[in-house]
Amino acid sequence: MEQSTQWWKNSVVYQIYPRSFNDSNGDGIGDLEGIIEKLDYLVELGIDVIWLSPIYKSPNDDNGYDISDYQDIMTEFGDLETWDRLITTMHEKGLKLVMDLVVNHTSDEHPWFQEAKKSKDNPYRDFYIWRPPNEEGKEPNNWLSFFSGSAWEYHEPTGEYYLHLFTKKQPDLNWENPDVRQKVYEMMRWWLDRGVDGFRMDVINLISKVEGLPDAPVTKPEDEFQWGSDYFANGPRFMEFMQEMKEEVLDHYDILTVGETGFVTPEEGKQFTNEDSGVLSMLFQFQHMDVDAQPGGQMGKWEEKDWKLTELKEIMSKWQVELFNKGWNSLYLENHDQPRSVSRFGDDGEYHAESAKMLATWLHMMQGTPYVYQGQEIGMTNVHFPSIDDYEDVEIRNLWQDMVVEKGHDPDKILKAIHEKGRDNARTPMQWDSSENAGFTSGTPWLKVNPNYDQINVEKERENSDSIFHYYKKLIALRKEHEVIVNGDHSLIWQEDEEVYAYKREHEGETLVVVTNWTGETIERPWPEDVSFDGASVMIHNYSGAPDASKEGITLRPYEAVVYHQK
Ligand code: NOJ
C-alpha cells in the first residue's frame with residue numbers, strides 16, 4: 001500500500017516519556033497502565049497521535065534508549081498484555097500510536113551483543129562495529145561520544161574495541177551487515193502487524209558510517225577526542241538503507257514515520273521527506289535547537305551563546321519555505337532531550353502564561369505536524385536542583401565526571417549549564433495536581449518533582465478557562481478547522497526585527513497573519529505596506545480583550561501573540 005492518505009499532515013502528536021508520565025502502582029516509575037488512565041485527558045486536549053518514548057526491555061542506562069529485547073516490554077512499565085490493551089483502548093478513542101524505533105544501537109545486554117562478545121568468529125560478531133587497537137595500542141580513532149569521552153570501548157577478552165556513539169552500554173549496530181537490517185525489518189513488521197501506527201526513528205541518520213572510520217579533524221586540540229559527525233551523520237549508505245527499509249517495510253503500511261535527524265539542512269530534509277523519492281513522512285531537524293548553542297557538536301550545547309531572533313527567523317523560514325510542497329516539516333520546541341521551552345525562549349516568571357501561549361501560537365501556526373511534549377501544554381518549567389546528586393540522566397552524569405571530576409572545571413559553572421540545558425529539565429514527573437509528588441506517584445518518584453507543582457499542574461490548568469492548557473486546546477482545534485494552517489505558504493513580515501516575530505500564511509484566498517512579541521516589553525510597530533487587514537478577524541489571541549491595533553499599526557504587550565484571519 002502506498003502512503004497515500006497522509007493523515008499525519010492534519011494531526012497533532014503528543015509525546016509521552018513513560019517513565020515520568022503517570023505511575024499506577026506506586027513504584028515511583030510511570031507505566032503503561034498509568035498512560036491508559038490518562039487517555040481521556042489527551043482526548044480532551046484534542047491530539048490525534050501519541051509518540052511513546054521507548055518501552056522495551058532495557059537495563060535503563062539511557063532510560064530505555066538502550067534496548068535488550070525489542071519484542072518485550074520493560075518490566076517496570078508492564079507487559080505485552082497491557083500494551084495490547086493500551087493500543088486497543090487508544091484506537092477505540094480515535095488515537096494512534098507511534099513507537100520509538102532505536103536501531104542505531106542496542107543495549108550491551110541484548111542477546112546479539114552477548115553473543116558477539118564471546119569470540120571474534122561468533123556469528124553475531126559482525127552485528128556490531130569492532131576494530132583492533134591502533135598502532136599505539138589505543139582507540140581505533142579519535143571520535144568523541146555524544147555523552148563525553150571516547151566513542152570506543154575496549155573488550156579485553158577478545159582484544160578489540162567496539163564503537164558506541166552514545167554510552168558504552170549502547171554499542172552501535174553494524175548496518176553494513178545485511179543480516180542486521182533484515183532482523184530490524186522483521187521486528188518492525190512484528191510491531192506493525194500488532195497495530196502500531198508509525199515509528200519515531202531514533203538518531204536514524206547515524207546508521208551509515210564513512211568507510212574506514214577516519215579520524216575526525218582536530219578542532220579542539222586541548223581535548224583527547226574530537227567531534228566526528230561528518231563521518232557518522234548522513235553517511236554514504238544512509239539513503240540506500242532507508243530505501244530498502246521503505247520497500248521491505250514502510251510502503252506496506254499506512255503509517256507516520258519521523259526520523260530524528262541531527263545535522264540536516266533543509267536541502268537534505270527535502271530529499272528525505274519528499275513524496276516521490278523520500279523515505280520518511282517527516283523529520284526532526286535540530287537547527288532551531290542549536291540557535292542557543294556554540295558550534296562544535298554535542299558539547300557545544302553546554303556553552304552559553306547569545307542568539308538573535310533574526311537567526312531563529314532565518315532557520316525556521318528556510319525550513320518552512322524550502323519544504324513547501326516538496327517535503328513535510330515536524331514542528332517542535334520540546335522533547336525529552338531538550339529544556340522546557342517557556343524557560344528557554346519565554347519567561348517562566350512574571351509572564352509565564354503569556355509567553356508559554358505566545359510560543360505555542362508561533363509554533364502551531366506554522367506548516368508541519370506539531371508535537372506537544374508532556375507538560376508543555378501546562379507550561380512546565382526547567383528545574384534547578386541544587387546538587388549533581390539530584391540528577392539521574394547519564395548525559396549529565398558523564399558530563400560532570402568528565403568536566404568537573406576529571407578536568408577540574410568550575411562545578412558552579414557546570415551546574416548552571418545543567419540547569420539551563422540538562423535533559424532532566426524535561427524528565428521531572430508530570431504535574432497532575434497539588435497533592436504530594438504532583439499526583440504522579442504514591443511512592444518515591446525516580447526523579448524529584450519540580451517544586452513548583454503546587455502552582456503549575458493539570459488540575460489547576462483545567463479549572464482556569466484562561467489557562468495555557470485551554471489555549472493549547474484552542475490551537476489544536478483551529479488546525480482542524482482552517483485549511484490555511486495545514487496548507488498555507490509562509491513569508492516573514494518585519495524580517496529584520498529582533499523583538500517581533502511575524503509571518504503570513506496564504507492558501508487559496510485565505511490569509512493568516514501571526515504576530516508575536518518575544519520580549520517582556522511593550523512595543524509598537526507600524527504595519528508594513530503589503531499587510532492589509534480589510535475584513536480580518538482575530539483567530540486567536542493570548543490576552544483578553546481586543547489587540548491594541550489600528551489601520552496604522554499595532555502595540556504589543558509583553559509576549560503578546562495574535563493571529564489575524566482573512567477569507
Ligand atoms: C536520541 C534520544 O532522543 C536520546 O534520548 C538518546 O539518549 C539518544 N538518541 C540515544 O539513543
Side-chain angles (χ1 to χ4, degrees), residues 13 15-21 30 51-68 70 74 98-110 113 128-129 143-149 151 153 162-173 175 184 199-207 209 227-229 232-234 257-264 280 282-286 289-290 293 297-299 301-302 330 332-340 371 373-374 376 391-399 418 421-428 446-447:
V13 184
Q15 184 193 350
I16 291 182
Y17 193 68
R19 212 175 170 75
S20 304
F21 190 62
W51 151 30
L52 271 190
S53 277
I55 53 165
Y56 315 95
K57 276 247 172 338
S58 162
N60 279 307
D61 190 48
D62 187 16
N63 289 351
Y65 282 92
D66 48 320
I67 297 169
S68 54
Y70 286 108
M74 193 187 296
V98 164
M99 296 273 278
D100 224 301
L101 181 80
V102 188
V103 289
N104 173 68
H105 44 268
T106 67
S107 162
D108 65 340
E109 295 183 31
H110 192 288
F113 193 76
Y128 297 88
I129 302 172
W143 293 1
L144 177 70
S145 116
F146 275 80
F147 295 154
S148 309
E153 180 71 9
Y162 64 87
L163 179 71
H164 61 89
L165 291 178
F166 296 89
T167 76
K168 61 180 181 210
K169 283 183 69 62
Q170 292 168 296
D172 279 52
L173 281 167
W175 274 71
V184 168
F199 291 112
R200 174 268 186 188
M201 302 185 185
D202 190 67
V203 292
I204 195 68
N205 62 332
L206 306 188
I207 57 178
K209 280 88 177 168
W227 188 242
S229 57
F232 57 69
N234 307 316
T257 55
V258 51
E260 188 204 21
T261 52
F263 323 98
V264 297
L280 294 161
M282 64 190 99
L283 49 81
F284 292 133
Q285 57 89 12
F286 280 72
M289 292 284 102
D290 291 338
Q298 184 74 359
M299 296 302 276
K301 82 173 193 183
W302 303 110
S330 68
Y332 77 97
L333 270 179
E334 286 186 27
N335 61 39
H336 63 292
D337 294 330
Q338 299 293 337
R340 291 291 184 176
Y371 286 70
Y373 177 68
Q374 67 184 43
Q376 186 175 3
Y391 288 92
E392 295 289 340
D393 175 25
V394 68
E395 182 187 34
I396 294 178
R397 290 183 167 249
N398 285 4
L399 176 83
I418 292 169
K421 291 290 182 66
R423 304 196 297 181
D424 279 345
N425 282 309
R427 299 176 181 187
T428 58
W446 70 277
L447 175 69

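First listed ligand is number 1; within each ligand, the first listed atom is number 1. All residue numbers refer to positions in the sequence shown, counting from 1.
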Tabulated below should be the N or O atoms of ligand 1 paired with protein N or O atoms at under 3.5 Å; can you produce that?
{"residue": "ligand 1", "atom": "3 (O)", "partner": "R200", "partner atom": "NH2", "Å": "3.0"}
{"residue": "ligand 1", "atom": "3 (O)", "partner": "H336", "partner atom": "NE2", "Å": "2.8"}
{"residue": "ligand 1", "atom": "3 (O)", "partner": "D337", "partner atom": "OD2", "Å": "2.5"}
{"residue": "ligand 1", "atom": "5 (O)", "partner": "H336", "partner atom": "NE2", "Å": "3.0"}
{"residue": "ligand 1", "atom": "5 (O)", "partner": "D337", "partner atom": "OD1", "Å": "2.7"}
{"residue": "ligand 1", "atom": "5 (O)", "partner": "D337", "partner atom": "OD2", "Å": "3.4"}
{"residue": "ligand 1", "atom": "5 (O)", "partner": "R423", "partner atom": "NH1", "Å": "3.3"}
{"residue": "ligand 1", "atom": "7 (O)", "partner": "D62", "partner atom": "OD1", "Å": "3.4"}
{"residue": "ligand 1", "atom": "7 (O)", "partner": "D62", "partner atom": "OD2", "Å": "2.5"}
{"residue": "ligand 1", "atom": "7 (O)", "partner": "R423", "partner atom": "NH1", "Å": "2.9"}
{"residue": "ligand 1", "atom": "9 (N)", "partner": "D202", "partner atom": "OD1", "Å": "2.9"}
{"residue": "ligand 1", "atom": "9 (N)", "partner": "D202", "partner atom": "OD2", "Å": "3.2"}
{"residue": "ligand 1", "atom": "11 (O)", "partner": "H105", "partner atom": "NE2", "Å": "2.9"}
{"residue": "ligand 1", "atom": "11 (O)", "partner": "D202", "partner atom": "OD2", "Å": "2.7"}

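- For Y17 and W51, the distance between ring centers is not under 6.0 angstrom.
- D108 pairs by the salt bridge (Lys or Arg N to Asp or Glu O under 4.0 Å) definition with K169, not counting sequence neighbours.
- Considering only residues two or more places apart in sequence or on other chains, A151 meets the side-chain contact (heavy atoms from CB on, under 4.5 Å) condition with W143, S145, L163, L165.
- Taking the ring-ring contact (aromatic ring centres under 6.0 Å, His included) definition, one finds that F286 meets it with nothing, sequence neighbours left out.
- A donor-acceptor contact under 3.5 angstrom links the side chains of T106 and Y128, judged on distance only.
- For the atom pair CG (N234) and OG1 (T261), the distance works out to 7.5 Å, reported to the nearest 0.5 Å.
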